[in-house]
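Chain identifiers are assigned alphabetically (A, B, ...) following the order of the sequence lines, protein sequences preceding nucleic acid strands; residue numbering begins at 1 within each chain. It should be emphasised that the depicted structure is a prediction, and the values quoted were computed from it without experimental measurement.
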Amino acid sequence: MSPRPRGPALLRVEHHGVVAVHGPLLVLSAVQGTGWDEFAQVRVRTDGTQRGDRHGVVLEVDRDVAVVQVLEGTDGLVPETTGVVFTGSPLRVPVGPGWLGRVCNGRGEPVDGGPPITGTSTAAVAGAPLNPTRRVSPAEPVLTGISVIDALTTLVRGQKLPVFSAAGLPHLELAAQIAAQSTAGGDPFSVVFAGMGLTHADADAVRDVLEERLDAGELVLMLNTADDPVIERILTPRIALTVAEHLAFELGRHVLVVLADMTSYAEALREVSSARGELPGRRAYPGYLYSDLASLYERCGRIEGTPGSVTVVPVLTMPAGDITHPVPDLTGYITEGQVVLSREAHSRGVYPPVDPLGSLSRLMRNGAGAGHTREGHVEVAAQLLAALARARDVAELAELVGTEGLSATDRLYLQLEDHLERDLVHQARTERRTLDETLRRCWQVVGTLPRRELAMLPSDLLDRYGVGP
Amino acid sequence: MDDLLSTGARVSRVSGPLVEVDGLSEVAMSELVALGGLGVPGEVVALRGSVATVQAYEYTGGLAVGEPARALGRPLSARLGPHLLGGVFDGLLRPLLGASTWLTADAGRPAAGTARVQWEPGVAVGAQVSAGTRLGTLPGTGALEHRVLVPPGLTGTVDWVAPAGVRAAAEPLVTVGGEAVRAVEDWPVRRPRPVRARFGASEPLLTGQRVLDAVFPVARGGTVAVPGGFGTGKTMLLQQIAKWCTAEVIVYVGCGERGNEMADVLAELRELTDPATGRRLAERTVIIANTSNMPMMAREASIYSGVTVAEYFRDMGYEVVVIADSTSRWAEALREFASRSGALPAEEGYPAELPSALAAFYERAGRVETLGGDAASVTIIGAVSPAGGDLTEPVTAHTERFVRAVWGLDRDLAYARHYPAVAWSGSFSREAEAVGAWYTRHGDPEWAVRRGRVVGLLAEADRLGALAALVGVNALPGAERVALLAGRLLREGVLQQSALSPHDIHCSAAKTAALVDLVLAVVDECQDLVAQGVTASEVEEVDFSPVLRAAQECPPDESGPVVERQQVMLQRLGMLR
């Protein structure tokens with residue numbers, strides 16, 4: 001619905017009929033003409049003095065009763081002295097290049113000491129569904145400077161590719177490195193990094209890594225820390241994506257949106273759902289978790305006739321490392337592949353500890369190879385993965401019979417896995433590898449095996465890249 | 001606006017897609033309602049006193065208590081007509097081609113079926129006609145002859161026929177007993193279109209995928225469920241079927257799935273040529289795209305819109321396939337709404353009517369005699385996305401009860417890059433017998449025998465594979481080692497199919513039969529060699545690449561080149577004697 005004019009903000013009625021408060025929810029009576037999903041200001045007073053505004057979203061209107069979810073939580077709120085002012089429309093935020101270079105909290109308010117963010121226009125944070133017939137298939141790569149991603153699970157502009165991790169793994173470091181290093185060749189590129197439920201130590205670390213790009217005016221940093229209000233996380237990714245959509249589709253930039261950690265986001269959703277007494281679904285997450293996550297992830301893409309793109313990299317920790325947990329499971333159904341971090345690789349000291357076999361970029365076929373990255377890229381990646389799968393089988397066999405019991409060829413496969421991990425996957429947290437360097441390493445690793453084992457690579461490619469007989 | 005205010009009905013409650021309206025007089029269950037100033041469409045799902053509960057089909061943000069609402073006097077209907085083929089529509093069958101980039105509730109939508117059509121009458125004044133009688137055709141509207149029929153429920157004498165020529169879609173073409181028949185027609189999507197009779201299905205629908213055509217066949221008019229966790233290649237398989245199956249019309253319903261995938265499907269269908277007609281595949285396809293970020297309740301409607309479109313083309317006498325990806329998202333929309341309206345939950349929060357809703361949907365498939373007397377069919381292939389890959393969850397478990405075939409996709413096969421990842425142990429086809437009998441009547445009595453041997457060899461190889469993992473392959477007797485080899489040859493040489501290889505992307509029935517025969521002949525020869533005293537190791541050392549590469553190297557529509565390879569292979573094996 002478009003906002004209906006209601007006169008100047010000062011003239012809007014402040015409602016005082018708070019009849020119930022439970023969890024993050026506020027129930028008001030005697031409300032007239034308020035719309036569903038409308039944004040509200042919640043005025044909290046103590047001892048007759050105003051103690052600042054909180055913010056809320058209307059979850060339900062039923063006759064003259066409205067249920068409002070308070071983003072900052074309802075702590076310290078006294079029903080008798082609390083007033084609510086409805087803004088007359090769902091939340092809109094200013095959008096424009098003014099966001100670049102700024103650091104904000106989870107509600108998009110600056111925390112960098114600078115002035116409030118003004119935009120060239122405003123946009124509804126809920127977004128609108130993109131007409132699928134106006135979409136263009138993603139086809140060009142985002143280069144992250146991280147070999148294992150660029151080489152084996154190429155990120156494509158307009159794709160949604162999550163990072164699946166577990167507690168204790170360096171997924172935030174990886175996310176920050178992706179945000180700090182990614183480029184789209186020479187085209188204008190921006191990053192929106194939305195942190196949700198991060199500890200202060202993590203938030204500081206992320207900020208350190210992103211400082212340079214922030215100063216260069218190429219990045220927007222939104223941070224909701226673990227002690228910030230939980231419910232505001234519901235808004236954080238929506239604001240991030242709204243800002244990104246404008247940068248991409250109005251200003252023609254390629255925008256990477258990193259959302260970390262989506263498990264914390266889903267928990268905020270579950271908290272609201274439980275306070276509303278909704279029927280719990282799997283692990284008590286609401287039944288609409290799939291649609292809710294899709295309403296975020298699906299905001300990636302490219303549009304016919306506009307140069308920009310929105311690429312989304314959600315980061316999530318799988319509770320207890322369980323990939324069938326609802327958050328990773330539903331994410332996997334929506335996204336176009338996944339990058340999976342492995343505890344085993346981490347314990348061997350590999351960074352980033354990506355498991356190339358469990359990871360997959362479904363759009364890599366469209367976004368890599370001649371004309372996109374380099375010719376032979378898709379083939380060498382496929383060959384490396386096939387060889388790695390064989391190496392894993394060989395390693396299992398070696399557990400039983402010992403390395404001595406293996407054939408000479410099988411021992412080469414073991415070497416390949418080692419070589420791949422050491423020379424291709426492993427890199428420093430500040431190291432940005434060029435695509436040429438990454439692919440050079442791919443051909444070098446694949447050369448661990450003799451040509452007869454490289455059935456997926458045509459001989460002209462092998463000749464060109466100097467892979468031995 | 002006057003007309004809005006005159007009814008006096010007002011919105012009294014809004015909770016996401018659930019809206020209650022007070023004061024709609026004489027409104028019927030399932031009637032359409034326009035909500036608020038923008039007229040957001042919704043459907044009445046419950047009535048209690050003066051309050052109607054409405055399920056809204058668009059985002060209801062900003063909709064307030066006290067806004068006007070009005071009943072539209074008709075149930076949720078789809079506009080059917082010559083504009084469907086080659087088009088892309090949302091869940092309510094409103095055109096997406098030509099619609100705005102962002103689908104907001106207040107953005108205008110182009111009207112459906114307004115293009116002018118060429119009319120070619122095929123009936124004379126005075127003719128006695130009944131529902132289903134062909135009145136004429138609309139040439140030049142896609143790959144098929146578009147037939148104008150007497151709509152269901154109408155019988156009488158033709159009292160006027162418009163002369164041949166260009167007509168507006170909404171203009172009367174014929175009047176029957178005073179009632180106008182037009183090129184377009186509205187039909188309530190939840191009501192199945194009537195037929196004269198239903199038959200048992202037996203003629204196979206060829207999908208172009210060997211594992212399906214040879215082992216788990218589907219008959220025209222049958223129903224199939226395709227359960228598979230994420231990453232098992234479900235959408236890829238369904239897209240291959242949409243491209244290559246032997247149907248005359250495909251209705252592809254993208255229900256709550258990815259937007260980028262829909263863009264891909266569209267682009268590919270526009271590029272590919274239909275081998276049967278030589279026209280673009282897009283011209284035989286109707287796409288209903290309700291991606292996962294589009295309004296959830298329209299997802300619920302999209303399934304019914306899709307099957308209604310299929311029945312419309314079936315009534316013209318065509319063989320139609322509906323591909324619904326994914327029915328789980330539809331079931332989730334049911335659950336979401338049930339939960340908001342306070343219905344008591346049955347299994348995992350799904351409403352108690354889930355099984356009957358699934359059954360009723362799949363029942364709209366079938367091989368029929370149309371009202372016009374043609375033999376035609378609707379086949380439904382529905383994807384199921386089990387949460388957490390758990391095949392015992394309610395949608396998967398109930399769907400399996402109501403369908404004739406299940407093509408279960410297996411995560412381990414997909415992980416090993418075995419595509420299509422159809423698991424031979426978890427899949428079934430209740431059509432296999434009827435299809436086998438059909439092949440016998442149509443010149444291939446060997447089909448059922450071949451299928452029986454493939455199923456047997458795969459099961460035997462699986463059993464021995466588990467055993468060999470324990471005791472080592474060297475501990476098995478020769479005949480069992482050849483059985484393991486047979487499993488590998490069947491898996492890699494027949495069941496796996498590469499969507500990237502131009503020769504292998506689809507496969508004719510003749511080539512499928514030849515490939516199975518090739519493997520079976522080679523396996524028989526190997527068993528014979530071992531029985532004659534050749535060691536299993538010697539047999540295993542033979543280069544079987546002519547068998548393994550036959551699928552990718554021989555053209556899709558011929559069996560000859562595959563048969564030649566059989567000679568080469570048998571000679572090669574003969575040298576071991």
S.K.: Under 4.5 Å from any heavy atom of chain B, what part of A:L59 do you find: side chain, backbone, both or neither?
M.R.: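 Contact with chain B is through the backbone of A:L59 alone.
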S.K.: Against chain B, work out which of A:E304, A:E336, A:R276 has the most heavy-atom pairs shorter than 4.5 Å and name it.
M.R.: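 Among A:E304, A:E336, A:R276, the one with the most close pairs to chain B is A:E336.
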S.K.: With sequence neighbours excluded, what pairs up with A:F164 under the ring-ring contact (aromatic ring centres under 6.0 Å, His included) test?
M.R.: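 ring-ring contact (aromatic ring centres under 6.0 Å, His included) check on A:F164 returns nothing, list empty.
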S.K.: Got a donor-acceptor contact below 3.5 angstrom from the A:R92 side chain to the A:T122 backbone?
M.R.: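 Side chain of A:R92 to backbone of A:T122, a donor-acceptor pair under 3.5 Å: yes, one is there.
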S.K.: If you count heavy-atom pairs within less than 4.5 Å of chain B, which of A:S295, A:A389, A:G301, A:P138 leads?
M.R.: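 So the answer, after comparing A:S295, A:A389, A:G301, A:P138, is A:P138.
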S.K.: Chain A: which of B:A267, B:S100, B:G66 shares the most heavy-atom pairs with it under 4.5 Å?
M.R.: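 So the answer, after comparing B:A267, B:S100, B:G66, is B:S100.
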S.K.: Is any residue of residues 87-94 of chain B within less than 4.5 Å of chain A by heavy atoms, and which ones?
M.R.: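 B:V88, listed by number.
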S.K.: Identify which part of B:V265 has an atom lying under 4.5 Å from any heavy atom of chain A, answering side chain, backbone, both or neither.
M.R.: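 For B:V265, there is no contact with chain A at all, as no heavy atom is under 4.5 Å.
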S.K.: Select, from A:R365, A:R302, A:H325, the one with the greatest count of heavy-atom pairs under 4.5 Å involving chain B.
M.R.: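 Ranked by heavy-atom pairs under 4.5 Å with chain B, first place is A:R365.
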S.K.: Give, as side chain, backbone, both or neither, the part of A:D64 having an atom under 4.5 angstrom from any heavy atom of chain B.
M.R.: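 The answer is neither part of A:D64.
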S.K.: Please indicate whether B:R488 has more than 12 foreign heavy atoms, meaning atoms of other residues, nucleotides or ligands, lying under 6.0 Å from its CZ.
M.R.: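 No - once you tally the heavy atoms of other residues, nucleotides and ligands closer than 6.0 Å, there are 12 at most.
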S.K.: Atom CG of A:L388 and atom CG of A:D355: how far apart are they, to the nearest 0.5 Å?
M.R.: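 Answer rounded to 0.5 Å: 7.5 Å.
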S.K.: Verify whether one side chain among A:Y297 and B:N293 offers a donor that lies under 3.5 Å from an acceptor in the other.
M.R.: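 The criterion, which ignores hydrogens and geometry beyond distance, is not satisfied for B:N293 and A:Y297.
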S.K.: Rounded at 0.5 Å granularity, tell me how far CD1 in A:I334 sits from CZ in B:F230.
M.R.: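 Going from the CD1 atom of A:I334 to the CZ atom of B:F230 covers 10.5 Å.
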S.K.: Between A:E245 and chain B, with a heavy-atom cut-off of 4.5 Å, which part of the residue counts as in contact: side chain, backbone, both or neither?
M.R.: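 Contact with chain B: side chain only.
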S.K.: When you measure from the side chain of B:Q55 to the backbone N and O of B:M297, does any donor-acceptor pair fall under 3.5 Å?
M.R.: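 Side chain of B:Q55 to backbone of B:M297, a donor-acceptor pair under 3.5 Å: no, none is there.
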S.K.: Which answer fits A:Y290, side chain, backbone, both or neither, if we ask what part of it has an atom under 4.5 Å from a heavy atom of chain B?
M.R.: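 Side chain of A:Y290 only, per the 4.5 Å heavy-atom cut-off to chain B.
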S.K.: Report which part of B:L266 has an atom under 4.5 Å of a heavy atom belonging to chain A: side chain, backbone, both, or neither.
M.R.: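 B:L266 touches chain A through side-chain heavy atoms alone.
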S.K.: Taking the side chain as C-beta and beyond, is there a heavy-atom pair between B:V54 and B:L35 under 4.5 Å?
M.R.: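 Counting from C-beta outward, B:V54 and B:L35 do come under 4.5 Å.
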S.K.: How would you list, by chain and number, every residue that makes a side chain to side chain donor-acceptor pair (under 3.5 Å) with B:T392, sequence neighbours excluded?
M.R.: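 By the side chain to side chain donor-acceptor pair (under 3.5 Å) rule, B:T392 matches B:D390.
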S.K.: Under the ring-ring contact (aromatic ring centres under 6.0 Å, His included) rule, collect the residues that match up with A:Y288, sequence neighbours excluded.
M.R.: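 So A:Y288 forms no ring-ring contact (aromatic ring centres under 6.0 Å, His included) with any residue.
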S.K.: Given heavy-atom pairs under 4.5 angstrom as the criterion, report whether the side chain, backbone, both or neither of A:R282 touches chain B.
M.R.: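 Just its side chain gets close to chain B.
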S.K.: Non-hydrogen atoms of chain A under 4.5 Å away: do they reach the side chain of B:P386, the backbone, both or neither?
M.R.: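 Both backbone and side chain of B:P386 come within 4.5 Å of chain A.
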S.K.: Flag the pair B:V384 / B:V226 as yes when at least one side-chain heavy-atom distance between them is below 4.5 Å, and no otherwise.
M.R.: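 No, every pair of side-chain atoms sits at 4.5 Å or beyond.
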S.K.: Closer than 3.5 angstrom, by distance alone: can the side chain of B:R299 be matched with the main-chain N or O of B:S292 as a donor-acceptor pair?
M.R.: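 Yes; at least one donor-acceptor contact below 3.5 Å.
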S.K.: Measuring heavy-atom distances to chain B, does A:P328 have an atom under 4.5 Å in its side chain, in its backbone, in both, or in neither?
M.R.: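 The backbone, not the side chain.
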S.K.: Under 4.5 Å heavy-atom distance to chain B, tell me which part of A:A126 shows up: side chain, backbone, both or neither.
M.R.: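 Just the side chain, heavy atoms under 4.5 Å.
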S.K.: For A:R63, does the CZ atom have more than 12 heavy-atom neighbours from other residues, nucleotides or ligands under 6.0 Å away?
M.R.: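 Check passes, neighbour count above 12.
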S.K.: Measuring heavy-atom distances to chain A, does B:E257 have an atom under 4.5 Å in its side chain, in its backbone, in both, or in neither?
M.R.: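 Looking at B:E257, backbone and side chain both touch chain A.
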S.K.: Non-hydrogen atoms of chain B under 4.5 Å away: do they reach the side chain of A:F249, the backbone, both or neither?
M.R.: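 Contact with chain B: side chain only.
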S.K.: Looking at chain A, which one of B:K234, B:R329, B:E336, B:M296 has the largest number of heavy-atom pairs inside 4.5 Å, strictly under?
M.R.: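 Looking at each of B:K234, B:R329, B:E336, B:M296 in turn, B:R329 comes out on top.
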S.K.: Could you tell me which portion of B:A414 (side chain, backbone, both or neither) has an atom closer than 4.5 angstrom to a non-hydrogen atom of chain A?
M.R.: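 Answer is neither: B:A414 stays 4.5 Å or more from chain A.
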S.K.: Looking at A:V68, A:V65, A:D62, which hits side chain to side chain contact (heavy atoms under 4.5 Å, CB included) with A:V27?
M.R.: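 The passing option is A:V65.
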S.K.: Any heavy-atom pair between the side chains of B:Y419 and B:Q496 that's under 4.5 Å?
M.R.: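 A side-chain contact under 4.5 Å is absent here.
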S.K.: Quick one: of B:G256, B:G389, B:A387, B:A289, who has the most non-hydrogen atom pairs under 4.5 Å with chain A?
M.R.: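 Ranked by contacts with chain A, first place is B:A387.
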S.K.: Quick check for you: among B:E58, B:M262, B:E348, B:E20, which has the greatest number of heavy-atom pairs under 4.5 Å with chain A?
M.R.: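 Highest number of heavy-atom pairs under 4.5 Å: B:E20.
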S.K.: Between A:L385 and chain B, with a heavy-atom cut-off of 4.5 Å, which part of the residue counts as in contact: side chain, backbone, both or neither?
M.R.: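 Contact with chain B involves the side chain of A:L385 alone.
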S.K.: In Å, rounded to the nearest 0.5 Å, how long is the span from OG of A:S137 to CD of A:Q159?
M.R.: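 It comes to 11.5 Å.
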S.K.: Is B:T291 close to chain A through its backbone or its side chain, or both, or neither, when contacts mean heavy atoms under 4.5 Å?
M.R.: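 For B:T291, the side chain is the part near chain A, not the backbone.
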S.K.: By a 4.5 Å heavy-atom criterion (distance strictly below it), what part of B:R258 contacts chain A: side chain, backbone, both, or neither?
M.R.: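 Both parts, heavy atoms under 4.5 Å.
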